[in-house]
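Everything on this sheet refers to the single structure shown next.
In what follows, every chain begins at residue 1, and chains take the letters A, B, ... in the order their sequences are listed.
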2 protein chains.
Amino acid sequence: MKLLCEGLDLSNAIIKVIKAISAKTPNDILECIKLTAKGDYLTLLATDTEIAIEKTIRAEVLEEGETLVPGKLFNELVKKLEDEQIELTVEGTNLKVRYGDSEGFIQTKDLEEYPVINKDIKDNSFTMSQKDFNELINMTAFSCSQDDGRPILKGCKIEVDETSVVCVALDGFRLAVCKKELAHSTGKFSAIVPSRTLIEITRLLEREDETVTVVIQKNMLMVEVASTVLVSRLLEGEYLNYKQIIPNAFLSVIRVSKNQMLSSIERAAIVARGMKNLVKFDIKEGNLNISASSELGKVDENLLINLEGKDLVIAFNSKYLTDILRAVNDDFVYMYFNSSISPCVIKSYQGDQYLYLLLPIRINA
Amino acid sequence: MKLLCEGLDLSNAIIKVIKAISAKTPNDILECIKLTAKGDYLTLLATDTEIAIEKTIRAEVLEEGETLVPGKLFNELVKKLEDEQIELTVEGTNLKVRYGDSEGFIQTKDLEEYPVINKDIKDNSFTMSQKDFNELINMTAFSCSQDDGRPILKGCKIEVDETSVVCVALDGFRLAVCKKELAHSTGKFSAIVPSRTLIEITRLLEREDETVTVVIQKNMLMVEVASTVLVSRLLEGEYLNYKQIIPNAFLSVIRVSKNQMLSSIERAAIVARGMKNLVKFDIKEGNLNISASSELGKVDENLLINLEGKDLVIAFNSKYLTDILRAVNDDFVYMYFNSSISPCVIKSYQGDQYLYLLLPIRINA
């Protein structure tokens, strides 16, 4: 393998693909980037076997070939060569990196052990605006479980039909559902996608006014954006029937300024830290009292609200509430309650753009 | 104590003084901020007993008094009240923080145990431009020892005469000396100032075109900038006679582009990590070869230089060299050598604005 390319192109490509490398892997082959020189292109590929990211850049290929180099080291060196033209040559078990009057040598690794990535994925697909895709993920993925004990909950359920996509995330304490229109779809299908994959896809999306197409086949997902291809495994198993846990009727509804409530809860959270993040809501017509107290101190906030229905006292984990309020873009939010021990629902007043369900913390009256 | 003040003023003042609080102190009294309401002002004070920072803001004082509150908690709460007018009231063992229709309570601590800060410091002083002070510290303080074993070397020696100040830092492997003109001085004196104090002073300096006055008396130092007062202990003991370790004559001098050399050493440092940061210089007329190799790989760089004197092979710790090159503002640097086992000197070509001395690493020829 021998080729010439621009340092800046190579550095940008490394930054893209290196995100597929897991920070801690026991297998040092998976810390590597695979380089393939063919035709007029150099292709970089990195994978942790769950996600693979591949990026192709222009290169003057003098000799086709491929090699495997430690990703972190290659990244550090090339990051300091962004202004240079770079010549890459495989010499024995080294990759020679030539620039100006100087050169570096990086020990290569054995290509044979490197995973093969299948990109022949085509059965089902949906296309939507990049802006909507970002919102879909940012409004839901934070509610996925972080717990390896229930791996299926580390993913989001994606439900596609002819005109829309619904993304669902839940972790046993909370549920997030978001719905967006599609520009195109091959029909009705669903998949459970690791939340990390979805977040990596949002990082590839640099042009909000353009669309993105997600392709799914059996247990694999593929996205291609500006000569970067991301391939990911899907999660396999039964997802919870989340619809049956959402109540149909409510006894109390409040309307409250989102920013005011977020600020109040953030302040209450400061002292709530000393008390398992517990913040208490005392809901009456015209007034929402939010309070928290611990050995650190006490915060007692009063917010103007509209209440329809009966008064209520209920408590939540402040972290879950702030996660939701930071994700929502509306000026006002609507919260729906039944009792101090029933789940609370936060949803768009009209339509079904988003819905959050949150379990309360039991407190003594 | 009872007063009204603006949330933004209070938040900015907390951010200034909280820097005096050490991240890990076994004494929770030293995690506190002392509040004093008097006349038309609220004064905030924090100290770790080495450094104290005090900031005064305008306030409508309804009842004079003082109290002590946990700094981190107070900071977190007030940071979220920057848009509010705040009423602070001591109620029993609590500080009540009132804003809008809401309020917080913070447990106060016993004032009696809090250190008393003496600000009656006046004997010696020097005044210089804030820009020069920043350069003086940024060009030297990084060379101080981080090692508690020789506490005196954790400070910089400041030598003042009628017209100039010299700042010296050394850690046993390297020495940094920088000299600046003074706008005013009370005469000849010197002090050993903790490098942390000097760095905190540079953080207070927000107006490069104005001057700063440093006042010293016995073992204390004081600086006042825009209603913020910093008081620090000085280090006591004998400082090394650094002048006697600087060679007077050299056998080789090179002139090299600072940015080119910095880039080369940064690249070499990537592989040198695997080899105790060792980078090798092979100096010949017209060419400086910088190389490093380890099990990670090899970097081999060639730079155009001017050499006066004899050829030389010498090796350094890459970290020490990059520290120096990042601190120097010149386009070209001059490096002075005698042999591969004698210290190297980097200094301004003319004048005595700065001088660095660096011990080489012995290598086998």
* chain B contacts: which residues in residues 101-111 of chain A have a non-hydrogen atom closer than 4.5 Å to it? -> A/D101, A/S102, A/E103, A/G104, A/F105, A/I106, A/Q107

* Note: B/E266-A/K79 ion pair, threshold 4.0 Å (strictly below) -> no

* To do: For A/A20, enumerate each residue passing the side chain to side chain contact (heavy atoms under 4.5 Å, CB included) test, keeping only those at least two apart in sequence or located in another chain.
  => A/A46, A/I51, A/I53

* Taking everything shown except B/N287 itself, do over 12 heavy atoms lie less than 6.0 Å from its CG? -> yes

* To do: Check the pair A/R273 / B/L73 against side chain to side chain contact (heavy atoms under 4.5 Å, CB included), numbers first and verdict last.
  => CA-CA 11 Å; A/R273 267 203 315 255; B/L73 191 69; 4.0 Å; yes

* Asked: In Å, rounded to the nearest 0.5 Å, how long is the span from CG of A/L278 to OG of A/S291?
  -> 8.5 Å

* Count the heavy atoms of every other residue, nucleotide or ligand shown that sit under 6.0 Å from NZ of B/K2, and state whether that count exceeds 12. => no

* Does a sphere of radius 6.0 Å around NZ in A/K72 hold more than 12 heavy atoms from other residues, nucleotides or ligands, not counting ones at 6.0 Å or beyond? -> no

* Which class fits the ring pair B/F337 and B/F316: parallel under 30°, tilted 30 to 60°, perpendicular over 60°? -> tilted

* So which residues of residues 84-92 of chain A are in contact with chain B at a heavy-atom cut-off of under 4.5 Å? -> none

* To do: To the nearest 0.5 angstrom, please state how far the CD1 atom of A/I254 sits from the CD1 atom of A/I283.
  => 4.5 Å

* To do: Take atom CD of A/E60 as the centre, draw a 6.0 Å sphere, and report whether it contains more than 12 heavy atoms from other residues, nucleotides or ligands.
  => no

* Asked: Which of residues 295-308 of chain A have a heavy atom under 4.5 Å from any heavy atom of chain B?
  -> A/E295, A/L296, A/G297, A/K298, A/V299, A/D300, A/E301, A/N302

* Of the non-hydrogen atoms in B/I18 and B/G71, which two are nearest, and what is the gap between them? -> CD1-O, 3.6 Å

* Atom CG of A/N75 and atom CG of A/L44: how far apart are they, to the nearest 0.5 Å? -> 10.5 Å

* Structure fact -> Checked B/V97, B/I270, B/I290 vs chain A; the most non-hydrogen pairs under 4.5 Å come from B/I270

* Quick check: are there more than 12 heavy atoms from other residues, nucleotides or ligands sitting under 6.0 Å from CG of B/D330? -> yes

